[in-house]
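Inspection log for the structure reproduced underneath, given as structure tokens.
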Amino acid sequence: MPFHEMFEPDGSIRPCYAEVQNWVERTGIAGLNRRLDEAEAIFRRIGITFAVYGEGGDPERLIPFDLLPRIFTAQEWRVLDRGIRQRARALNAFLHDVYHRGEIVKAGIMPAEIIYQNSAYLAEMANFTPPGKVYSHIVGIDIVRTGPSRFEVLEDNCRTPSGVSYMLENREIMTRMFPELFAQGLVAPVDDYPAELLKSLKEVAPPACQGDPVVVLLTPGSLNSAYYEHSFLADLMGIELVEPADLFVDEDRVWMKTTLGPRQVDVIYRRIDDEYIDPLVFRPDSLLGIPGIFNVYRNGGVTLASAPGAGIADDKAVYIYVPEMIRFYLGEQPILDNIQTWQCGKPDECAYVLEHLNELVAKEVHGSGGYGMLIGPKSTAAEIAAYADRIRANPGEFIAQPTLDLSTVPTLGPASVVGRHADFRPYCLVGKQIRLVPGGLTRVALTEGSLVVNSSQGGGVKDTWVLQD
């Protein structure tokens with residue numbers, strides 16, 4: 001049986017959940033479900049949606065929200081906090097290294113091909129150092145719990161980890177609907193995240209910046225699946241939300257068009273993929289790019305956050321080596337473990353995976369959002385055979401992991417509180433210092449027994465509480 005985070009082994013309520021249990025008993029399941037309907041009405045009214053394309057019908061979806069919080073004790077958070085910060089430091093050190101001397105390859109720790117032959121590696125970034133040596137300014141680390149004191153990292157997101165708007169809105173909804181649960185001050189706040197993000201972005205202003213840095217958030221536009229989050233964060237940070245047509249390059253600086261004339265821009269928090277940034281350097285057919293911006297970036301006239309090419313650290317084949325990165329760059333032992341992972345690019349490991357595919361979870365190394373994966377125990381013989389053929393055709397594009405005994409968290413069902421599998425994504429901010437608000441996004445698989453928590457695959461979200469000492 002998986003570890004249920006609400007209960008002790010003897011079935012009693014863990015002390016950290018005692019207040020929630022009292023609340024459930026006072027309110028009743030029917031009362032909680034009425035409150036859930038109210039919460040979803042608020043979400044719909046303020047427009048918290050995400051888009052799923054390619055399935056027909058209206059692509060705009062309301063992400064399912066669960067009313068029962070996921071809780072970490074102060075002691076559990078201290079371990080997570082140290083491990084998350086450690087990983088963010090190591091990933092940024094790795095990115096600086098591979099775009100410069102490549103010492104980790106020279107030391108024989110990582111094979112050159114998984115870095116330099118990777119589509120996410122940008123040769124245009126070679127020998128360039130972003131301000132503060134920061135490549136990934138927001139590191140989203142997906143963590144799963146597999147026991148009372150065991151946390152493991154599922155994957156790293158160093159480009160533009162999404163979902164932080166849900167972390168903030170989930171807390172806002174919970175505070176509004178159940179003020180009595182927060183009145184005692186036991187739950188650590190997360191609402192200073194936008195201010196902390198803005199501080200981090202200002203700390204990496206380019207050398208050409210004079211005075212208070214001008215920061216903007218660059219969005220592809222209102223048709224993007226995460227546009228709500230773009231506008232939400234820009235509003236909370238008090239900065240301009242701009243589209244590519246709002247920016248232009250002149251005299252080795254980037255300028256924003258305003259009703260009062262051009263205004264110089266220093267830092268761009270971009271939510272546009274690498275290949276679309278600058279049509280003069282990357283895709284010439286990009287209508288989203290700002291011509292000449294990459295040259296300004298290389299010359300120290302603007303900072304792009306995250307740095308182009310940071311996506312190499314997201315690759316699932318690179319993920320395998322993060323514990324070694326921590327030892328190599330930081331001289332420390334990893335605080336958070338990786339999940340055991342087999343590389344199909346290695347013949348002996350590939351043979352094992354193909355032989356045990358019905359027991360494993362197989363993934364594309366460049367995949368994301370829960371797409372392109374196979375959960376062996378939940379798949380048919382035909383699906384397993386078809387996926388095995390894909391692996392044989394291009395083994396280096398796949399990894400496999402054991403089917404984990406993920407913990408379950410209390411989730412509101414129609415007639416009772418039920419246990420559902422979940423993961424956790426904290427958002428670690430990197431500027432001159434590392435900042436981490438006590439919390440993050442808990443994603444929950446709402447279908448009984450499902451291990452897939454991605455919103456694009458039917459998962460939901462819930463508030464995450466870190467209890468204060």
Side-chain angles (χ1 to χ4, degrees), residues 53-54 91 94-95 98-99 102 104-105 108-123 125 136 140-142 144 152-161 273-276 282-283 308-325 338-404 423 451-454 456-457:
Y53 300 109
L91 288 164
F94 164 73
L95 286 164
V98 299
Y99 284 111
I104 200 164
V105 173
I109 294 169
M110 289 183 71
E113 60 270 18
I114 71 167
I115 299 168
Y116 301 113
Q117 293 177 20
N118 194 304
S119 59
Y121 177 84
L122 294 184
M125 285 292 292
S136 179
I141 297 172
D142 291 351
V144 294
E152 297 178 83
V153 176
L154 193 59
E155 64 179 48
D156 305 290
N157 300 275
C158 291
R159 276 172 283 201
T160 50
D273 292 344
D274 290 356
E275 60 188 309
Y276 298 104
F282 303 110
R283 285 184 60 152
I312 184 71
D314 290 3
D315 193 275
K316 291 178 177 63
V318 171
Y319 151 90
I320 293 167
Y321 295 94
V322 178
E324 290 303 322
M325 291 178 201
N338 269 21
I339 293 163
Q340 181 183 8
T341 305
W342 292 274
Q343 292 174 271
C344 295
K346 294 182 177 179
D348 54 337
E349 295 189 21
C350 187
Y352 177 86
V353 169
L354 290 171
E355 191 175 330
H356 297 86
L357 199 52
N358 63 319
E359 305 164 13
L360 303 173
V361 176
K363 303 176 182 179
E364 299 170 352
V365 295
H366 308 309
S368 63
Y371 294 104
M373 63 188 287
L374 176 93
I375 300 177
K378 305 278 185 184
S379 301
T380 65
E383 288 167 339
I384 291 169
Y387 207 93
D389 288 341
R390 291 183 62 204
I391 293 174
R392 290 189 191 95
N394 203 345
E397 293 298 304
F398 295 89
I399 60 158
Q401 296 169 329
T403 307
L404 296 172
D423 77 354
L451 298 173
V452 181
V453 300
N454 305 78
S456 55
Q457 306 287 304

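- Taking CG from L95 and CE from M125, the interatomic distance works out to 9.0 Å, rounded to the nearest 0.5 Å.
- For Y116, the ring pair (Phe, Tyr, Trp, His ring centres under 6.0 Å) partners are Y121, not counting sequence neighbours.
- Partners of S379 under the side-chain contact (heavy atoms from CB on, under 4.5 Å) rule, at least two apart in sequence or in another chain, are L374, E383, I384.
- The line from CG of L122 to CG of D274 is 5.0 Å long, rounded to the nearest 0.5 Å.
- Considering CG of D156 and NZ of K316, their distance stands at 10.0 Å, rounded to 0.5 Å.
- At a threshold of 4.5 Å between non-hydrogen side-chain atoms, the residues I115 and V105 count as touching.
- Qualifying side-chain contact (heavy atoms from CB on, under 4.5 Å) partners for K346, counting only residues two or more places apart in sequence or in other chains: Y321, Q343, D348, E349.
- Judged by distance alone, with hydrogens and angles left aside, the side-chain atoms of Y319 form no donor-acceptor pair with the main-chain N or O of N338 at under 3.5 Å.
- Summarising the geometry of A120 relative to G311, their closest heavy-atom pair is CB-C, 3.7 Å, with the distance given to 0.1 Å.
- Partners of E275 according to the salt bridge (Lys or Arg N to Asp or Glu O under 4.0 Å) rule, which considers only residues two or more places apart in sequence or in another chain, are R283.
- A distance of 11.5 Å separates CZ of F94 from CD1 of I109, quoted to the nearest 0.5 Å.
- Residues forming a side-chain contact (heavy atoms from CB on, under 4.5 Å) with D314 (at least two apart in sequence, or on another chain): C158, R159.
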Side chains of residues 391-403: which donor-acceptor pairs under 3.5 Å do they make with residues two or more places apart or in other chains?
| from | atom 1 | to | atom 2 | distance (Å) |
| --- | --- | --- | --- | --- |
| R392 | NH1 | D389 | OD1 | 3.0 |
| E397 | OE1 | H366 | NE2 | 3.4 |
| Q401 | OE1 | K363 | NZ | 3.1 |
| Q401 | NE2 | T341 | OG1 | 3.2 |
| T403 | OG1 | E359 | O | 2.7 |

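- Taking the side chain as every heavy atom from C-beta outward, I320 and I114 never approach each other to under 4.5 Å.
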